[in-house]
There are 2 protein chains.
Amino acid sequence: MIDRLPHTLRSDALDNRERILDAARALFSADGLGVPMREIARCAGVGPATLYRHFPTKQVLATEAFADQLRACRTIVDQGCADPDPWRGLCLVIEKICELHARDRGLGEAFLTAFPGAPDVAGREYTVKAVAGLAQRAKDAGHLRSDFVLDDLILILMANKGIHSRSTDTQVTASRRFAGLAIQALKASPQHAPLPPAARLVSTPS
Amino acid sequence: MIDRLPHTLRSDALDNRERILDAARALFSADGLGVPMREIARCAGVGPATLYRHFPTKQVLATEAFADQLRACRTIVDQGCADPDPWRGLCLVIEKICELHARDRGLGEAFLTAFPGAPDVAGREYTVKAVAGLAQRAKDAGHLRSDFVLDDLILILMANKGIHSRSTDTQVTASRRFAGLAIQALKASPQHAPLPPAARLVSTPS
DNA sequence: ACGCTAACGGACGCCCCCGTCCGTTTGGCT
DNA sequence: AGCCAAACGGACGGGGGCGTCCGTTAGCGT
């Protein structure tokens, strides 16, 4: 059971909560979601019980820890959508999101494997729709290849997640180059051959 | 210590060895290298001790289990190199290798994460050199973008590994589409902007 | 048919992670 | 200053994977 009535945490409890979130952010970013809960606790200087009291499950902890990053994702998408040139906006989205995922290992995992059955993280549906609109405009403008489907973006993000490297720097460099290649692949071109059929990677909500 | 002198296995031992390899192939393919050794043993109908006696380490087991697949990789590369049109050959290599990795989850893991410190698996160096030659020819022919580097191929394979899906079919479909996009990205084009710098993903042997 | 030894596999001890309980500490209010 | 409950954290039991030991089984050569 979780504490119910107080709703006002004691100062030390609040402090611990914050230190736990910091530790979680750091460790998730560096090592992914695989890190043991106790490691996070140790790193935050608290006992395991305290950690579990604040965040009964890793899922909850991760959701809270990544709240900022997910907001950042939404901001990026909004920026892209705001760009008067939809193609440039789409490129920006791809580049920025890839970089974000490259810098934060846990984010990519949380974002895509998405904790199978995670609740709608930070308005995913809204974001998806926004990107879909952006893509349509880029298509209409003749910059985005006409056989593009939204699943291709998921495909690219999943693929980006597959790029792992020892150092974060290498990771980011590689991810940037990958984004460049991806953009080239998506660019409308008179010479391109038809693509193999797309796969349904995510169930598009009705 | 490993058995030394006999060099000729008893019939039942040989039989078990084969069943273990079969089980390993099946499980590695379906679930990746993460499967517990005991699971492989159970699936092969032998005790853990027997498994360990035949293959003292998971590394050894995987190497043996993937011998065929790695040979297949080399064959694909050889086929690609044999094609009179180097660009078509390179495309074939990309498509086939991506598909192979999509069908066999363990292979991708073994191939790239490459058991950090694994011995030269099935003549990796030779294969790498062959592909490098193929790429150079494709570049000279003006079909492959001139700023391509070999690390881009690694990048693509790593990225392909990042594509996961519940069903193998979806996985393969997605991987095929990804390969198509990758090829489009690598195609020489008058309109393409310069790419971000490449990352050193593998230490190229001298 | 018989024995010898290669080969087997159940069982063990080790370690790591998980989630929880309960005795102890300490912040905050009077 | 003193109380009390909120908050803490060490310690526990459970589960799972790993690699190994040793008593038992069964191929194979005579």
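As the structure is a computational prediction, the values presented were derived from the model and not from experiment. A note on names: the letters A, B, ... follow the listed sequences, proteins ahead of strands, and every chain is numbered from 1.
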Do B:R53 side-chain and C:dG9 base share a donor-acceptor contact under 3.5 Å? yes
Ranking A:G34 and A:A49 by the position along DNA chain C of their nearest nucleotide, the one closer to 5' is A:G34
Could you pick out which residue, A:G45 or B:E39, lies toward the 5' side of DNA chain D when each is mapped onto its nearest nucleotide? A:G45
Result for 5'-nearest mapping on DNA chain D, choosing between B:R38 and B:R10, is B:R38
Please check if the side chain of A:D151 supplies one atom and the backbone of A:L201 the other of a donor-acceptor pair under 3.5 Å. yes
Whole angstrom value for the distance that separates P of C:dC17 from OH of A:Y52: 11 Å
D:dT20 C1' sits how many Å from B:L51 CG, rounded? 13 Å
Is the number of heavy atoms from other residues, nucleotides or ligands within 6.0 Å of NZ (B:K139) greater than 12? yes
Is any side-chain heavy atom of A:L186 closer than 4.5 Å to a side-chain heavy atom of A:I94? yes
Determine, stepwise, if the pair B:R105 / B:H164 fulfils side-chain contact (heavy atoms from CB on, under 4.5 Å). CA-CA 9 Å; B:R105 197 170 148 198; B:H164 285 310; 4.0 Å; yes
Which nucleotide in C:dA7, D:dA7, C:dC17 has an atom nearest any side-chain atom of A:P36: C:dC17
Using a heavy-atom cut-off of 4.0 Å across all strands, would you classify B:S11 as base, sugar-phosphate, or nothing? sugar-phosphate
